[in-house]
Amino acid sequence: MVKEMVRVLVTGAAGQIGYALVPMIARGVMLGPDQAVILHMLDIPPAAEALNGVKMELVDAAFPLLKGVVATTDVVEACTGVNIAVMVGGFPRKEGMERKDVMSKNVSIYKAQASALEKHAAPNCKVLVVANPANTNALILKEFAPSIPAKNITCLTRLDHNRALGQIAERLNVHVSYVKNVIIWGNHSSTQYPDVNHATVMTKDGEKQVRELVADDQWLNGEFITTVQQRGAAIIKARKLSSALSAASSACDHIRDWVLGSSKGTWVSMGVYSDGSYGVPAGLIYSFPVTCEKGEWSIVQGLKIDEFSRAKMDATANELAEEKSLAHSCLE
Ligand SMILES: NC(=O)C1=CN([C@@H]2O[C@H](COP(=O)(O)OP(=O)(O)OC[C@H]3O[C@@H](n4cnc5c(N)ncnc54)[C@H](O)[C@@H]3O)[C@@H](O)[C@H]2O)C=CC1
Ligand SMILES: O=C([O-])CC(=O)C(=O)O
């Protein structure tokens with residue numbers, strides 16, 4: 001059966017994540033090798049020429065799955081009929097800044113684009129917010145697009161999840177594909193809590209707990225956590241630009257698992273609207289472990305939370321509550 005065409009919006013498409021992301025989508029990395037797509041690319045007028053250059057390159061690359069490209073600075077044209085919206089547009093932080101330092105510039109963009117999405121996107125459009133502060137931008141988008149179901153609005157913490165997998169794989173000298181079920185709790189910021197208490201590694205003797213194999217709680221409760229929390233800043237220091245290829249790749253992972261389903265027995269981290277699970281206040285976009293099936297995510301329930309984890313999960317929830325009020329004050 002031929003699949004129906006999918007329209008994918010990428011905002012900020014002339015930027016560096018956009019430039020890495022659009023060819024991945026056009027190659028089927030996000031939605032699979034049998035899914036034809038039409039790309040909608042939005043940027044602001046000063047970037048119009050660069051955006052047109054990206055469109056020219058997409059034509060030149062002759063991607064078999066790419067059936068059309070809309071490149072525009074008009075938010076209504078960009079949002080019309082889209083089934084998936086990847087919201088990358090905004091201002092990245094620079095060295096020495098925290099992600100919430102870009103708050104006032106970016107939340108107003110998300111307020112404005114919420115209503116365009118609400119009015120013009122396809123029904124049941126799935127939204128992934130990448131631009132920082134990602135959780136709070138997603139929350140503002142949700143608040144200003146009340147008719148989009150809350151479950152359709154998510155933010156990217158899959159990059160942090162993948163970073164955590166990568167750190168464990170390097171430490172144990174195993175391939176990253178053997179490591180699974182790390183969790184990123186909370187905010188995509190330096191207060192996020194990368195949790196390995198339920199993570200496992202596939203070995204020749206079967207699945208083993210990461211804690212047992214690493215056998216160094218001091219590293220797992222210290223340096224491992226700070227390395228993942230600070231990885232974005234480390235990339236900025238090294239590249240003088242924030243992560244782009246890894247962010248684009250993780251955005252594809254996020255949407256692919258959401259739409260096509262996560263692997264059996266494996267969970268992934270997604271920033272989703274809290275329903276109060278694990279004592280996380282409702283009304284925040286908070287990163288949880290989730291599994292995805294038939295286009296829907298659900299929070300993995302029943303995990304045992306120790307005291308160390310509880311304190312870290314609460315600290316990142318508190319930061320999100322503060323960001324929420326800061327965002328509201330920026331919009332007054
Ligand atoms: N959640 C995550 O894991 C990650 C998030 N990020 C965030 O993603 C965002 C984009 O990063 P980069 O691509 O490196 O930045 P960039 O500056 O290279 O590109 C951003 C693009 O957004 C455009 N833009 C600005 N306002 C816009 C608007 N109102 N509508 C549409 N487009 C608009 C800019 O013109 C620019 O082309 C930043 O906020 C960055 O902090 C970056 C890495 C990881
Ligand atoms: O750190 C930044 O500003 C960019 C980002 O979100 C990341 O790389 O995780």
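Counting starts at 1 for both ligands and their atoms, following the listed order.
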Ligand 1 and Asp43, any nitrogen or oxygen pair closer than 3.5 angstrom? yes
Among all protein heavy atoms, pick out the one at the shortest distance from atom 9 (C) of ligand 1; state its residue, atom name and that distance to 0.1 Å. Val88 O, 3.4 Å
Nearest non-hydrogen contact to atom 8 (O) of ligand 2 from the set Gln229, Glu95, Arg163 belongs to Arg163
Asn132, any N or O under 3.5 Å of ligand 1 N or O: yes
Ring-face cation contact, Trp258 with Lys126, 6.0 Å cut, 45° max: yes
Is there a nitrogen or oxygen of Leu159 sitting under 3.5 Å from a nitrogen or oxygen of ligand 1? no
Decide whether an N or O pair under 3.5 Å exists between Ile17 and ligand 1. yes
Just distances here: any N/O of Ala14 and N/O of ligand 1 closer than 3.5 Å? no
The atoms of ligand 2 lying under 4.0 Å from a heavy atom of Ser243, numbered in the order shown, are 8 (O)
Below 3.5 angstrom, do we get any N/O pair linking Thr11 and ligand 1? no
cation_pi(Lys142, Tyr273) dist<6.0 Å, angle<=45: yes
Residue-level breakdown please: for Ile109 versus ligand 1, do any non-hydrogen atoms fall below 4.0 Å on the side chain, on the backbone, on both, or on neither? side chain
Could you say whether the N/O atoms of Gly90 and ligand 1 ever approach to under 3.5 Å? yes
For the aromatic rings, using the six-membered ring if either is Trp, is the centroid distance between Trp297 and Phe288 under 6.0 Å? no
Hey, is Ile236 touching ligand 2 through its side chain, its backbone, both or neither, going by heavy atoms under 4.0 Å? side chain
Considering residues, nucleotides and ligands other than Phe144, do more than 12 of their heavy atoms fall under 6.0 Å from its CZ? yes
Once you restrict to heavy atoms under 4.0 Å, what part of Ser242 touches ligand 1? Side chain, backbone, both or neither. side chain
Student check: side-chain heavy atoms of Ile84 and Leu9 closer than 4.5 Å: no
Lys111 and Val107, any side-chain heavy atoms less than 4.5 Å apart: no
How does Gln192 reach ligand 2, by side chain, by backbone, by both or by neither, if only non-hydrogen atoms under 4.0 Å count? neither
